Amino acid sequence: MPNEQQHQHRTKGGFETRAIHAGYEPDEATGAVIPPIYATSTYKQDGVGGLRGGYEYSRSANPTRTALEGNIASLEGGERGFAFASGLAAEDTIIRALCKPGDHAVIPDDAYGGTHRLFDKVARPWGLAHSSAPVSDVDAVRAAIRPGETKLVWIETPTNPLLNIGDIEALASVAHDAGALLVVDNTFATPYLQQPLGLGADVVVHSTTKYAGGHSDVVGGAVVVRTLELAEAISFHQNAMGAVAGPFDSWLTLRGLKTLGVRMDRHCDNAEKVVDFLTGHPAVGQVFYPGLPEHPGHAVASKQMKRYGGIISFRTTGGEQHALEVCARAEVFTLGESLGGVESLIEHPGRMTHASVAGTDLEVPDDLIRLSVGIESVDDLLADLDRALAIGG
Ligand code: P1T
């Protein structure tokens with residue numbers, strides 16, 4: 001199968017080398033340096049069963065998708081990668097591949113709203129129970145595990161939108177002691193800043209819509225697994241459930257990944273300056289950023305992340321109304337959902353990305369604003385925030 005060939009393509013070298021080369025060799029026939037967008041649903045067989053390179057039908061495998069899957073597997077240091085139509089499609093496939101009705105999962109108490117909704121409104125009626133626990137509290141996660149029933153410990157780190165930090169190494173051993181797998185949503189950190197599989201996690205999941213794609217022009221998801229056994233389970237369900245990434249989406253995501261390292265460094269540079277600006281601003285209350293020494297997860301983040309990322313959340317001192325006004329007044333920061341693109345975005349999680357958790361344990365403060373700090377000139381970002389934050393402005 002093509003997916004089994006993922007690792008034959010230049011998986012050696014430093015992160016940036018692999019980001020540019022892993023998953024694809026220049027085309028034999030033409031020398032094309034970049035994989036073509038194989039806009040084909042099916043493949044000519046040389047006699048029944050005579051597949052060329054293992055390609056049979058594009059739900060099962062497509063060469064553009066294979067290139068992306070090999071690339072992201074290499075970047076995460078995993079056995080195999082899988083590309084999906086969205087982050088939530090990737091999550092759904094993990095849940096149904098690795099759990100069965102009657103099982104239980106532990107999820108973060110401040111997960112992305114859509115992840116919580118998937119567990120609560122889709123997986124639970126299907127038969128998968130769940131409990132939520134703060135990812136920053138190893139003992140609370142351990143206590144939430146139901147021995148014999150818990151199959152997945154699912155974390156985000158940093159979490160969306162409160163930027164809490166989970167200790168991947170410690171949580172992997174908590175999960176493994178109970179016979180469960182640790183799944184890490186690595187969307188915020190990306191493999192450039194954090195490598196969960198190397199710290200003992202079993203499965204990494206991404207919304208590649210975010211930093212992996214990096215240009216806000218494609219929706220996608222990815223799964224990377226540590227073992228062949230997990231690869232077989234995900235591979236079977238990817239094909240059986242069918243929520244695959246199409247060839248053009250795969251191509252866009254692969255193009256984005258090539259520049260992941262340089263983009264992340266600039267996202268981090270700009271975010272650090274924005275954090276400096278916000279801290280101590282009279283209209284700003286608590287600032288949530290794992291790079292701040294006073295952040296409760298700072299020590300763990302420093303241990304497991306190369307830098308602290310491009311997402312910042314903060315509370316305004318003027319309450320919800322003020323938070324909504326700030327969002328509306330920002331200009332360089334575009335008011336919109338999503339994150340991780342080259343352009344800066346601002347949003348109100350309580351009314352936007354996390355509206356689906358209103359009234360649950362996961363409800364976020366109503367004066368909370370989330371910034372996805374882009375890679376524009378940082379002075380323009382600071383001036384924009386200064387203008388937008390002015391009370392009564
Ligand atoms: O949107 P989709 O590609 O399906 O990915 C879902 C998802 C999964 N995990 C994390 C950590 C995410 O942030 C997301 C999507 N998040 C947003 C759309 C958002 O604005 O937070």
Side-chain angles (χ1 to χ4, degrees), residues 68 72 82-95 105 107-123 132 135 152 154-166 168 183-191 193-194 196 201 203-224 241 243-246 249-250 252-253 256-257 267 288 290 309-313 327 333-341 343-358 362 364 368-374:
L68 167 61
I72 197 154
F82 302 89
F84 292 87
S86 70
L88 286 176
E91 294 186 14
D92 181 33
T93 306
I94 294 171
I95 291 169
I107 65 169
D109 70 353
D110 65 340
Y112 165 57
T115 298
H116 177 262
R117 183 178 54 204
L118 177 66
F119 274 97
D120 204 47
K121 302 283 193 297
V122 180
S132 52
V135 300
L152 299 181
W154 185 293
I155 64 165
E156 289 172 10
T157 180
T159 59
N160 180 2
L162 292 172
L163 288 307
N164 284 310
I165 300 293
I168 297 171
V183 179
V184 178
D185 184 329
N186 206 26
T187 299
F188 271 36
T190 82
L193 299 180
Q194 172 173 281
V203 180
V204 166
V205 62
H206 280 275
S207 169
T208 54
T209 315
K210 312 297 179 337
Y211 288 109
H215 297 76
S216 304
D217 52 11
V218 59
V219 170
V223 175
V224 183
M241 292 164 66
V244 295
D249 289 0
S250 297
L252 282 170
T253 306
L257 281 170
H267 283 294
F288 302 85
I311 309 298
I312 304 164
S313 292
C327 290
F333 279 84
T334 301
L335 176 58
E337 304 203 356
S338 200
L339 56 99
E343 64 290 301
S344 293
L345 296 175
I346 188 167
E347 67 122 3
H348 185 267
R351 298 255 187 131
M352 296 169 64
T353 52
H354 292 68
S356 65
V357 296
L362 282 79
V364 294
L368 189 77
I369 290 177
R370 188 187 73 187
L371 302 178
S372 173
V373 179

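Side chains are part of it too, since the values below use all heavy atoms of this structure and drop only hydrogens, waters and symmetry mates. The model shown is predicted, which means the values in this text are computed figures rather than measured ones. Sequence positions, counted from 1, serve as the residue numbers for this chain. Counting starts at 1 for both ligands and their atoms, in listed order.
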Going by heavy atoms in the side chains, are Val203 and Val224 under 4.5 Å from each other? no
In the structure I gave you, are the side-chain heavy atoms of Glu156 and Thr115 within less than 4.5 Å of one another anywhere? yes
Pairs of nitrogen or oxygen atoms, one from ligand 1 and one from the protein, closer than 3.5 Å: please tabulate them with distances.
unit_1, atom_1, unit_2, atom_2, d
ligand 1, 3 (O), Gly87, N, 2.9
ligand 1, 3 (O), Ser207, OG, 2.8
ligand 1, 3 (O), Thr209, OG1, 2.7
ligand 1, 4 (O), Gly87, N, 3.1
ligand 1, 4 (O), Leu88, N, 2.9
ligand 1, 5 (O), Ser207, OG, 3.1
ligand 1, 9 (N), Asp185, OD2, 2.7
ligand 1, 13 (O), Asn160, ND2, 2.9
ligand 1, 16 (N), Lys210, NZ, 3.1
ligand 1, 20 (O), Ser338, N, 2.8
ligand 1, 20 (O), Arg370, NH2, 2.9
ligand 1, 21 (O), Asn160, ND2, 2.9
ligand 1, 21 (O), Arg370, NH1, 2.8
ligand 1, 21 (O), Arg370, NH2, 3.4

With a 4.5 Å cut-off on side-chain heavy atoms, are Ile369 and Glu347 touching? no
Sub-4.5 Å side-chain heavy-atom contact between Glu343 and Phe333: no
Contacts of His206 meeting ring-ring contact (aromatic ring centres under 6.0 Å, His included) (sequence neighbours excluded), chain-then-number -> none
The single option from Asn186, Leu339, Leu193 passing side-chain contact (heavy atoms from CB on, under 4.5 Å) against Tyr211: Leu339
